[in-house]
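Right, one structure below, let's go through it.
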2 protein chains.
Amino acid sequence: MKQVNGEIGRKVVTAADLKEKLEEEIELYASIYKVRKMKGFAFVLLRTGREVFQCLYEEAFCNVKLEELVEESCVKARVFVKPEERSKLGIDLMLRHVEILSSPTEGSPIVINQKRVDTSLQNLLDFRMVTLRNERERSIFKLQEGIVFGIREFLSNEHFTEIRSPKIVYQGAEGGANIFKLDYFGRDAYLAQSPQFYKQMMVGVFHRVFEIGPVFRAEKHDTSRHLNEYTSVDFEMGFIESFEDIMQMECALLRFVFKFLQENYQNELEILQVKLPKVNEIPVIKFMKAKELIRDTYQREITDLLDFEPEEEKLLSEIFLKDTGSEFVFVTHYPSMKRPFYTMDSSENSQETLSFDLIFRGIEITTGGQRIHQYEKQVDKLIQKGMNVEEFASYLAMHKFGMPPHGGLGLGLERFTSRLLNQDNVRYSTLFPRDLNRLTP
Amino acid sequence: MKQVNGEIGRKVVTAADLKEKLEEEIELYASIYKVRKMKGFAFVLLRTGREVFQCLYEEAFCNVKLEELVEESCVKARVFVKPEERSKLGIDLMLRHVEILSSPTEGSPIVINQKRVDTSLQNLLDFRMVTLRNERERSIFKLQEGIVFGIREFLSNEHFTEIRSPKIVYQGAEGGANIFKLDYFGRDAYLAQSPQFYKQMMVGVFHRVFEIGPVFRAEKHDTSRHLNEYTSVDFEMGFIESFEDIMQMECALLRFVFKFLQENYQNELEILQVKLPKVNEIPVIKFMKAKELIRDTYQREITDLLDFEPEEEKLLSEIFLKDTGSEFVFVTHYPSMKRPFYTMDSSENSQETLSFDLIFRGIEITTGGQRIHQYEKQVDKLIQKGMNVEEFASYLAMHKFGMPPHGGLGLGLERFTSRLLNQDNVRYSTLFPRDLNRLTP
């Protein structure tokens, strides 16, 4: 009888593996990234899943002719590892034998094997299937993986449980018209704008939960910072004393993530030339105070009393960077009118909420706050907001049956990545963006 | 100026912490799970995020009256840790001081603090916000977290990169009518049935990728094993020699996951009384051979030559359990007619594909196989299947620009969990199920 036993051969070879194989031959499975002809020899750059290795090709020592080595072919190569002090890895790789496993039928319409892909954003995204093969482009998403891994490790250490809530929902959490509707077997259903209701329910169960998953916003904004589908990093924690507990947790989270990247994603940090921000203390300012500070510093009229204009977030960041050296700033106590019905109001001023945004390098990347955990208060707030209490029966059940004081936040993963890399458009940090005009690839 | 510095107080207390605080008082943030009155004293069960601690209440030694301790209240408690050899943890917890942080306005309509929640599936799901607070119910989802963590750790160790692909898509990957449609700013769009196209594209980039995320199937099946939204664990790997490499990887993955659960989720395994399957060798049988084996063993007519009936999967599992002791069996070489257009056909018999299903305790939990990586072959196959080649231009671009031989699989997380726990309905392992009749909570 035939069986499989779980023996996995053909391990992925890393730079570390190569350095342990001095004076030996090693098998590499790779894509041919680039062939650079020199006088009498050539450099052949082999791309593995995370690295690019430069190999030395000399016709006399290799089984194939140079013209057989077509870029974006996939090969099984045997290379000899020669110690070489002057090279970066301390080794030279001599290409000895190549077996072509597959070949492209066409060359890429965009040059992908230079330091940067030199093309428009539109082309970059239209041809994601090849442009992502560029060393720099793919590093963005490897680093994004690292951000997520760091977040998960931190939250797990802090006893948060990872959950997965449904994306097809009966009602939106954020209200408003910015919601995608679909036909669900003859009934109306919606795509989740956030896991808000579910993560709150799960606080009653696990006390601390997090979710990292897609959310959907049918916003008609066509800007450099909006997406219609993005990855939301959400956490929610019970037994808080104040909404500041959540800001403290986020501060510790950020510090952990940057350390985690430093330790595990050095390769990508170098390729992308990332300067990781220092997270010592993060300054905190009330929303109205921030408005006034911007007005006074830049002699700008306050035109919107309920929210920031994008320019104001930018200016606020500038002020705090200059005054404190911090690239992050927490803005708190947003007006009740602008925050969703589940947000807890301040006991001192019911026009203000116990909520916050985190602004990073000029753009809001997090919204969070304390939630109403008492049944009567939540019912009152719904009525006060003119909402239909009966529609929220299932949501309110948790309040009725007992909830700890709690709060949480949502962080936009693509936006955060994009700020970290100082990109001028969030789409550069989005694997396959969805916006007003883009639904492919 | 106000600042936060990332100091997180109020750590979650675990059993391990308690044992280190002998003869001391410790602060516990918890929900009151159960109050059991005895003669002259009471047991008060405190539920934290992962554990339940039994405390001894005596009126003389505590600041509150017993009737103040209402089930599902949230409290800050001070308990004295008394060494006690006869107790399971080696300690007794004496309730000394309780501060009530919040109280329910109503008792749960369903008893949740017995060993099992004794109610219908319908009620269990309708009242998820409370029934999940039951120690056993929530353990299912803590264990499910562990399955996912184990999978991630294994795949990361094997150099797979985690990706997140869009869920709003231009076309389905699996074809057919089982797809949810939505209005995307005046255009038709669909909910992803699988990350198939994207994970293949990303094999060209990272060579090995995985994604754990929601997928959507508009199937009108109302069965104990179908969901309309579920979590798919997908991986895809380049540079395979045969589709058996994928089965080997899955075999190793399963072995790792069970070991990981044994090491990190002992608490839940005990509560749920899980007997983890042994993964030594997994037997492999061809689809037609399996059909014949079932026919001959049970004297059943073969009525469907292209697929299994659910009963046949069950019988096949029985045969292999009896003959080999394995609770898993791989079935390979499914008919080309029943497999999607990207599946590679066998070179020996073009009616058969290089594909497999994994059957676990009578139910299919994985579908996988080798994909067509050559441009011309993929175009031919599309034509042969009567599909519109032009519609797949963006998908075919990756084949054109070069792809390694590759393949992968998808594993249904809820189904896998449900089989592991020997449940008779996949909904028991689904946090908030979506089916023909259920869109809430």
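Throughout, a chain's letter reflects where its sequence line sits, starting with A, and its residues are numbered from 1.
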### Query
Can the ring centroids of B/Phe180 and A/Phe185 be said to lie less than 6.0 angstrom from one another?
yes
Does any heavy atom of chain B fall under 4.5 Å from the side chain of [X], the backbone, both, or neither of them?
X: A/Phe330; value: side chain
X: A/Tyr230; value: neither
X: A/Thr324; value: side chain
X: A/Val130; value: side chain
X: A/Phe216; value: side chain
X: A/Arg208; value: side chain
X: A/Met398; value: both
X: A/Asp245; value: side chain
X: A/Ile285; value: neither
X: A/Asp188; value: backbone

### Task
Output the option from B/Leu182, B/Leu439, B/Leu431, B/Thr14 having the highest count of non-hydrogen pairs under 4.5 Å with chain A.
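Highest number of heavy-atom pairs under 4.5 Å: B/Leu439.
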### Query
Taking B/Met201, B/Met247, B/Met1, B/Lys142 one by one, which has the highest count of heavy-atom pairs under 4.5 Å against chain A?
B/Lys142
### Message
For B/Ala218, is there any backbone N or O sitting under 3.5 Å from a side-chain donor or acceptor partner on B/Asn228?
### Response
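Checked: no pair found.
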### Query
Hey, are A/Glu281 and A/Ser326 close enough side-chain-wise for a donor-acceptor pair under 3.5 Å?
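Note: A/Ser326 and A/Glu281 side chains miss the donor-acceptor criterion.
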Heavy-atom pairs under 4.5 Å with chain B - which of [options] has more of them than the others?
options: A/Arg187, A/Arg47, A/Gln200, A/Glu250; result: A/Arg187
options: A/Gln144, A/Gln374, A/Arg50, A/Met403; result: A/Met403
options: A/Phe149, A/Tyr375, A/Phe256, A/Tyr198; result: A/Tyr198

### Query
For B/Ile240, is it the side chain, the backbone, both, or neither that has a heavy atom closer than 4.5 Å to a heavy atom of chain A?
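Backbone of B/Ile240 only, per the 4.5 Å heavy-atom cut-off to chain A.
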